[in-house]
Amino acid sequence: MGYSVREDVWWARAITIFILLLGFHAESEGCLKEEREALLKLKEAFNYPSGSSLPSWNNQTFSDCCTWESVQCDNSTHRVIVIDLSYTRAEELGHINGLLGDFRLVNLEALSLQDNMLTEFPYFDLSHSRNLDELWLDENYLEGGIPKSVTSLTSLTVLTLRNNNLNGSLPQQGGLCNLKNILLLDLTDNEFEGQLPPCLGNLTSLRTLYLLRTRFEGNFPFSLFHTLRSLTALVLSDNNFSGSFSLSSLVNNSNLKIFSILCSNTNLRLETENPPFIPSFQLRFFMILNCTLNEAKAKRMPTFLLHQYDLLFLQLSYLNISGTFPSWLLTNNTKLNYFNLTHSFFTGPFELNSTSKLLQMEYFDISSNPIRDEMPSHIGFIFPNLISLNMSLTLLRGCFSTSIGEMRQLNDLDLSNNNLSGYLPQEFGQGNNELRFLKLSNNHLSGPCLPIGSNFTSLLLLDLNNNNFKGKLEGGVMNSTELRILDISANQLSSELPSWIGNLQHLSYLTLSNNSLRGSLPESFCNLTKLTYLDLSKNKFIGSLPICLNFPLLKYLHLQSNHFKGPLPSTLANSPLLLTLNLMNNNFSGQVSKLNGSFLSLRILMLKGNKLEGPIPTRLCELKNIRLLDLSQNKLSGGIPYCLNNITFGKIDARGETEIGHFIVSWTTRLSLYGFYVETGGITMDEEKRNVTSYKDQEVDFTTKRRYESYKGSILNFMSGMDLSSNELTDEIPSQIGYLGTIHALNLSNNQLKGPIPETFSNLKQIESLDLSHNKLTGHIPEQLIQLYSLSVFSVSHNNLSGRTPDMKNQFATFDSANYEGNPFLCGPPLQQNCSKAGKNKQPHHLEGDDFRDAFLWSFAGAFGVFFIGVIIVFYLNPYICNYRLLILERAVTSYLYEWWQNRKTF
Ligand SMILES: *[C@@H]1O[C@H](CO)[C@@H](O)[C@H](O)[C@H]1NC(C)=O
Ligand SMILES: *[C@@H]1O[C@H](CO)[C@@H](O)[C@H](O)[C@H]1NC(C)=O
Ligand SMILES: *[C@@H]1O[C@H](CO)[C@@H](O)[C@H](O)[C@H]1NC(C)=O
Ligand SMILES: *[C@@H]1O[C@H](CO)[C@@H](O)[C@H](O)[C@H]1NC(C)=O
Ligand SMILES: *[C@@H]1O[C@H](CO)[C@@H](O)[C@H](O)[C@H]1NC(C)=O
Ligand SMILES: *[C@@H]1O[C@H](CO)[C@@H](O)[C@H](O)[C@H]1NC(C)=O
Ligand SMILES: *[C@@H]1O[C@H](CO)[C@@H](O)[C@H](O)[C@H]1NC(C)=O
Ligand SMILES: *[C@@H]1O[C@H](CO)[C@@H](O)[C@H](O)[C@H]1NC(C)=O
């Protein structure tokens with residue numbers, strides 16, 4: 001949950017200005033000499049050793065320090081009353097320790113030193129600082145406890161210590177409890193320990209209390225609140241509190257406007273029904289996130305909310321609350337602006353009964369609830385000013401509501417993972433010009449993918465994956481020239497690619513896979529120079545790739561399962577960042593020699609099922625980082641390059657793993673997160689006139705889908721293999737292949753390899769699948785192979801091997817005669833043929849194609865076992881992967897496995 005530091009500063013400034021407005025008159029006569037000197041000392045400390053902040057603070061004798069930047073004086077006394085040095089010290093100058101000295105600024109009322117690399121508290125001598133009212137020390141490196149020189153400043157109304165390294169426990173008497181006039185106390189993000197002192201209940205002026213991530217422990221001290229009758233804002237996280245906290249203990253805090261709690265552990269139980277209560281407060285901001293709520297009462301919705309009608313911000317998420325969708329909240333609270341019930345168990349009916357429009361509503365999120373109802377047809381009329389609407393994973397059915405077109409301000413619409421069907425209405429395409437993010441994936445929507453005449457000129461992301469969109473890639477997308485991410489995969493598009501696709505020049509991620517797109521790629525495709533991910537797989541594209549292709553940022557190229565032809569595109573050499581090149585099952589021809597050391601980062605190279613010919617070039621060995629190499633089912637000839645052992649197949653840690661999962665699209669939102677420093681320091685926020693246009697940059701991570709590469713590359717690290725099968729390779733197997741110690745699968749079958757099986761193969765310690773069948777290998781099977789303890793699939797059938805089969809020990813105890821078949825001169829168990837009678841044997845019969853295929857499939861299944869285990873390890877090692885990610889991850893892995901499997905079957 002972000003709150004913005006800058007925003008705090010904004011408030012600090014605002015307060016400062018307010019104070020300034022309080023007491024000024026008379027002309028300027030210059031500030032006192034001693035104050036000027038004190039300030040200059042301060043400047044020196046802030047700039048030590050070589051900074052250049054505060055240039056207007058100069059030491060000329062007649063310089064009036066009241067005119068200096070960041071300084072304000074009292075108009076009549078000319079004494080400094082406000083110093084705001086927030087963000088003054090440059091970070092590269094390092095920490096300041098102990099240089100500040102004593103503050104001899106007798107009339108100082110407000111001092112802000114936020115974000116200045118301080119490691120020690122400034123020292124205040126009470127006799128010099130008795131007027132100090134506000135002390136802002138957030139975002140520094142303060143350590144230890146809060147010193148007496150601060151806690152004895154009893155005039156303080158504001159003390160903010162957010163985000164420091166304060167530690168130890170607070171004294172149970174005295175200490176902060178001395179600050180009888182305090183209005184705002186912020187201890188967020190520190191490393192305190194022990195209990196929160198009960199004497200804080202003596203701070204009866206306290207209005208705003210922030211205790212996020214402070215690490216206090218013990219029972220939650222709710223009795224505190226009985227005396228804190230001025231409390232307006234209470235912002236908590238569960239810290240290390242335990243026991244149960246009943247909100248009824250706040251029943252008499254009639255000033256409470258803001259209540260917010262984030263939970264991260266289950267030790268603290270939150271109760272709203274035990275006992276039930278009718279509050280004396282009207283909340284504006286209510287948030288409970290990820291807590292154990294109302295355990296005893298079947299996770300019930302807090303009933304005290306029935307008595308609230310002033311809410312602006314309501315978030316009840318990750319709470320597993322059951323019951324029907326609480327539409328009464330919307331009826332009762334007509335000023336709602338932010339409404340978030342995500343990740344609970346709310347069910348339909350999904351009714352919006354309000355008779356009046358909710359004009360303030362900007363953010364509405366009910367995603368991940370089993371609503372199971374239709375989208376209310378008038379939703380756009382009820383929320384005409386919505387900016388963000390998220391109803392993904394709610395089992396919504398029926399049509400896309402036409403009234404969404406009424407939401408003229410809509411920025412972000414997510415209706416993915418539902419059961420919506422029918423066409424997208426024309427009104428939608430024309431009404432929502434502000435739309436930036438549109439996710440409709442995993443529904444049953446049909447018709448053209450965006451209505452003709454759509455005018456989504458600001459769209460950055462369009463995800464229509466897995467629907468029933470048909471026909472042409474319509475002009476509706478054409479106007480969205482700002483697109484960064486376009487996913488229309490797994491639909492039924494069947495046209496040629498229009499040449500206007502080249503106008504989408506900002507595209508970084510483009511997938512149109514799994515449609516029936518045809519024709520050749522238009523020349524204009526070459527304009528898409530910002531692509532990092534391109535997937536056109538499983539379509540019916542034909543022709544050669546345009547020679548102008550130039551993707552300097554490309555990392556993933558998937559063109560498999562089309563009818564592309566011609567030589568491997570030489571312009572691929574312009575994509576030095578390429579990690580995956582998958583051209584399987586096309587009609588590419590010519591030599592492989594184009595691929596060389598310019599693809600140093602390549603991890604996955606899949607050229608299977610093309611018409612490539614000529615030798616495997618030794619320059620391929622320069623692609624050191626490859627983990628999966630599949631050149632099978634081509635017409636490659638010549639020998640296997642001995643240097644293939646230069647390829648690591650995972651031997652060394654792959655350098656520079658790249659993440660495809662994160663597309664950082666910075667976007668602004670008009671959702672000003674509510675300034676928490678509301679109603680302190682004399683400023684009252686007037687909600688009606690709230691400045692919603694204060695934009696904020698946010699980074700949004702988008703996890704891409706259906707590709708295992710999407711997940712930080714780590715999964716790649718668990719699979720390695722080489723498949724050169726079904727080519728026309730000749731000569732002996734180089735003994736160096738035996739040094740591919742980390743390879744999991746090796747398939748050299750269906751070639752014309754001759755000579756012996758290298759003894760070095762006993763070094764393939766991680767190999768699970770080794771297929772050398774259907775070659776012309778001769779000699780003995782090296783006895784040392786029985787040391788391959790991971791081997792689960794092994795075939796040398798249909799060669800000319802002779803001598804004894806390896807002892808039936810270890811893994812070899814599990815192999816039967818089929819693995820050895822078709823070698824007339826082999827003898828020993830599991831073969832029938834006894835070694836003493838070697839040579840006088842019946843003709844071996846040919847292995848049926850199907851058996852062979854099964855054996856082959858199993859060889860890859862074995863390798864994938866490891867692959868899966870890898871995935872699971874990744875998951876367990878990273879507890880921060882949320883369920884949603886896991887879901888995608890599972891899907892990705894399964895689909896990849898499936899793809900391999902399918903491709904295997906078709907040989
Ligand atoms: C203080 O003085 C400044 C400039 O002389 C003036 O603009 C301001 O209004 C004065 N403040 C008050 C409260 O009189
Ligand atoms: C402060 O609170 C404590 C108990 O929490 C009480 O013992 C003490 O007398 C109070 N002090 C003052 C000055 O009110
Ligand atoms: C709230 O006030 C009522 C009436 O004054 C009193 O009976 C009740 O005990 C108070 N509850 C709390 C939790 O302070
Ligand atoms: C809110 O709605 C509920 C259910 O419709 C109703 O019982 C309650 O009185 C309403 N509360 C307010 C404050 O309007
Ligand atoms: C909402 O309106 C429908 C009919 O329009 C009615 O059946 C339903 O009871 C109403 N729900 C609430 C919570 O008022
Ligand atoms: C499309 O939207 C832009 C503003 O985003 C507007 O200027 C333009 O006139 C609109 N075009 C059509 C055809 O509605
Ligand atoms: C293989 O690696 C060795 C040692 O790093 C190097 O000398 C040799 O040139 C490489 N061979 C090829 C073909 O890249
Ligand atoms: C409020 O919005 C206006 C523009 O409408 C802007 O100029 C002003 O800086 C904003 N104020 C704040 C405090 O964000």
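Values below: all heavy atoms of this structure, side chains included; hydrogens, waters and symmetry mates excluded. One-based numbering, in listed order, for ligands and for the atoms of each. This one's a predicted model, so the numbers in the text were calculated from it and none came from an experiment.
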**OP:** Measure the distance from atom 13 (C) of ligand 3 to every protein heavy atom, then report the residue, atom name and distance (to 0.1 Å) of the closest one.
**Re:** His226 NE2, 3.7 Å
Original post:
For ligand 4, is there an atom lying under 4.0 Å from some heavy atom of Leu306?
Top reply: yes
Original post:
Are any side-chain N or O atoms of Asn239 and backbone N or O atoms of Arg215, one a donor and one an acceptor, separated by less than 3.5 Å?
Top reply: yes
Subject >> Option of least heavy-atom distance to atom 11 (N) of ligand 3 (set: Asn252, Leu250, Asn253) >> reply: Asn252
Original post:
Ignoring hydrogens and geometry, is there a side-chain-to-backbone donor-acceptor pair from Asn267 to Ser242 under 3.5 Å?
Top reply: no
**OP:** Any chance you could measure Tyr309, atom OH, to Asn333, atom CG, to the nearest 0.5 Å?
**Re:** 10.0 Å
Original post:
Say you draw a straight line from CD of Glu217 to CG of Leu196; how long is it, rounded to the nearest 0.5 Å?
Top reply: 11.0 Å
Original post:
If you count the atoms of ligand 4 from 1 in the order shown, which ones are under 4.0 Å from a heavy atom of Trp328?
Top reply: 2 (O), 4 (C), 5 (O)
**OP:** Look up atom 7 (O) of ligand 3 and tell me if a protein heavy atom lies less than 4.0 Å from it?
**Re:** no
Original post:
Distance below 4.0 Å between atom 4 (C) of ligand 3 and any protein heavy atom?
Top reply: no
Subject >> Heavy-atom donor-acceptor pair, Asn432 side chain to Gln409 backbone, under 3.5 Å >> reply: no
**OP:** Could you list which atoms of ligand 4 come closer than 4.0 Å to a heavy atom of Asn332?
**Re:** 1 (C), 2 (O), 3 (C), 8 (C), 10 (C), 11 (N), 12 (C), 14 (O)
